[in-house]
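Right, one structure below, let's go through it.
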Amino acid sequence: MDAAKDLKKFMSGLKKRNPGEKEFHQAVQEVANTLMPFIGDNKIYQDGQILERLTEPDRIIIFRVCWEDDKGQVRTNRGYRVQFNNSIGPYKGGLRFHPTVSLSVLKFLGFEQIFKNSLTTLPLGGAKGGANFNPKGKSDAEVMRFCQSFMTELTRHIGSDIDVPAGDIGVGAREIGFLYGQFKRLNNRLTGAITGKGPTYGGSLMRPEATGYGCIYMIREALDKIGDDLSGKKCLVSGSGNVAQHAAEKLLSLGAKVLTLSDSGGSIYDPDGIDEEKLAFIKELKNVKRGRISEYCEKYKKAEFLAGKRPWGVKGDLAFPCATQNEIGIEDAKTLVSNKCRAVCEGANMPTDNESIEYLQANKVIFIPGKAANAGGVAVSGLEMTQNSMRIQWTAKEVDEKLLGIMKNIHGQCVSHGEEGKYVNYVKGANIAAFKKIADTMLAYGII
Ligand code: NDP
Ligand code: 2IT
C-alpha cells in the first residue's frame, strides 16, 4: 500500500474514534505525516499496529474538583489525567490549569509528551493532566484550596514509579508547592511524585530555567550546524511566563537581542531590545504582581503595545513561540517568511499549525518542533527524579551541563533521522527518532 493512502485511512479512523478533538487530531496528523512512510518501509511496525496502539491512551482519569471560594461559594471544576503510554518509563508530563483545558487539549499534549520524553534519552513515559480552572484573579487561599481538592483525587493515581506530574500553563512554583504539600499530607511520605518542586524540598536547581534555556541551546546547535550563531540576532519571543522569560534570559546572555514578549492581552515591541534590567521588571510583574504585559509600556515609553496581537508582524531573524498552541497560523508564517525570518524554534507545545509548518519548511526556514526544542524542561524533571531517588542535590552547574548534553543529543537525533541534503527536517527527525525507541519497546512487550 502506498503511504499517502495509509495516512488517509489511518487519520479518518482516528477522527472517527475521537470525534471533535481537533487539537488531538492535529498533533497526531503532524506525527503521522512523517511516520507513515517510515512505517511503510518497516513492516514490523505496521504488523505490530504500533501507531494505532500509540494513539490510544493507556487510560484517562476524569474527576470532579469541588472547592470553596473566598466568598464561601461552592465551585466545581473538572480535573483530568491522561496516562498515555508508559512503555519506556513512568508516566510523566505537566498539569495545566487554564479555562481552555479540555480532553482534546490534554490528549494532544499527552501524545506529544510520549515522543518528547523518548527524545530526552531518559526513562520517561508520556502523560498530561490539568483542569479547566482559571488561576487568574484568584487569591492564594483560593488557589491553595483548589490544589488541595485536585490532589485529593489525583494522589491515588500517581507516585514516583507510576506517574510523576509537573507544571505547565497556570501551574508554577506556587501551585506545585500546594499540590505537593497535599500529596505529602495524604501519603505521609516525601517521594519524588511531582517535579518542579522548590529547592528546599527536593526540587532540582535549574528546573525553572530548563525549558527556556534548553530551547536556546537547541537553536544554537541548529545555527552552529549551518555555520552561524546567536550574536546580534533579532529575536521575537511570545508569551511572558516561565518558558518565555528563561528563553529571553538565555538569548540575552548569548548576545542576541529580544524585541518582543506577549501575554493573552497582546504583545510588547521594544525597538531598543528588552535587556536584563527590563526582563527583571517583567519577571516581577508576571511572577509576583501577576500583572499584565501591557504595563511594561507604561514604564518603558519607547516600547509599543500591540493590543490583541502576537509578535509575528515585527521584523526579526528568529522566532520563539513560547505561549500556547496554535499561535502561528498561515498568515503569520507568510509574514515571517516575507520578513526573512531564518528560524522558528518552539518553546511552547504545538504553537505552529500544520499548514504553517509545511509552508515554513517549503521556504527553508529552520523549523524545530516543541517536542525537540522544549524537551529541556521535562529532561530536568527526569534529573529531579534521579536526584530524589539518590537523595542528593546536584549543583546548578552540574544540572546545566547535563541539560546542555541532552539538548545536543536531541539535536543529533533529529539530524541523523531528518537530514535532507543541506536542510534538516527536524519534525521528521524528531518523530522517527522518538518513535523507534518506543515502538521497539512495545514490540518487545508483545501484544499488550
Ligand atoms: P505560563 O503559565 O508560565 O505562561 C504562559 C504564557 O502564555 C503567559 O504569558 C500567558 O499569558 C500566555 N498564554 C497562555 N494561554 C494563552 C492563550 N490562549 N493565548 C495567548 N497567550 C496565552 O506557562 P509556561 O511558560 O510554563 O508554558 C508556555 C508553553 O510552554 C505552553 O505551551 C507549555 O505547554 C509549554 N511548555 C512548558 C514547559 C514548562 O516547563 N513549563 C515545558 C515544555 C513546554 P497570560 O498571562 O495572559 O495568560
Ligand atoms: O510540556 C512539558 O514538557 C511540560 N510541561 C513539562 C513536563 C514535566 O514533567 O516536567
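Just the heavy atoms: all of them, side chains too, but no hydrogens, waters or symmetry mates, feed the values below. Remember, it's a predicted structure, so these values are computed and weren't measured experimentally.
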Charged N-O contact under 4.0 Å between [X] and [Y]:
X    : Y    : answer
E209 : K250 : no
E112 : K371 : yes
K436 : D440 : yes
D140 : R145 : no
E142 : R75  : no
E175 : R96  : no
K107 : E56  : no
K128 : D168 : yes

Check for a donor-acceptor pair, side chain of [X] on one end and backbone N or O of [Y] on the other, with a separation under 3.5 Å.
X    : Y    : value
N86  : P90  : no
Q113 : G126 : no
T352 : I328 : no
Y445 : S87  : yes
K428 : G418 : no
Q182 : F178 : no

Geometric class of the F84/F24 ring pair [parallel <30°, tilted 30-60°, perpendicular >60°]: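 If you compare the ring of F24 with that of F84, the planes turn out tilted.
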Aromatic ring pairing F183/Y180, orientation class (parallel under 30°, perpendicular over 60°, tilted between):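 Plane angle under 30°, so parallel.
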Side-chain heavy atoms of H157 within contact of I162, under 4.5 Å: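 Of all side-chain heavy-atom pairs linking I162 with H157, none is under 4.5 Å.
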Charged tip of K138 within 45° of F133 ring normal and under 6.0 Å: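 The answer is yes; both the distance and angle limits are met.
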Rounded distance [0.5 Å steps], CG in L336 versus NZ in K315: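 The CG atom of L336 sits 12.0 Å away from the NZ atom of K315.
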Donor on one side chain, acceptor on other, N409 and T121, under 3.5 Å: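 The criterion, which ignores hydrogens and geometry beyond distance, is not satisfied for T121 and N409.
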F63 ring center within less than 6.0 Å of F150 ring center: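 Yes; F63 has its ring centre under 6.0 Å from that of F150.
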Ring centre gap for H25 and F108 strictly below 6.0 Å: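 For H25 and F108, the ring centres are not under 6.0 Å apart.
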Contact summary for F435 and L51, nearest pair of heavy atoms: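 Looking at all heavy atoms of both residues, the closest pair is CE1-CD1, 4.5 Å.
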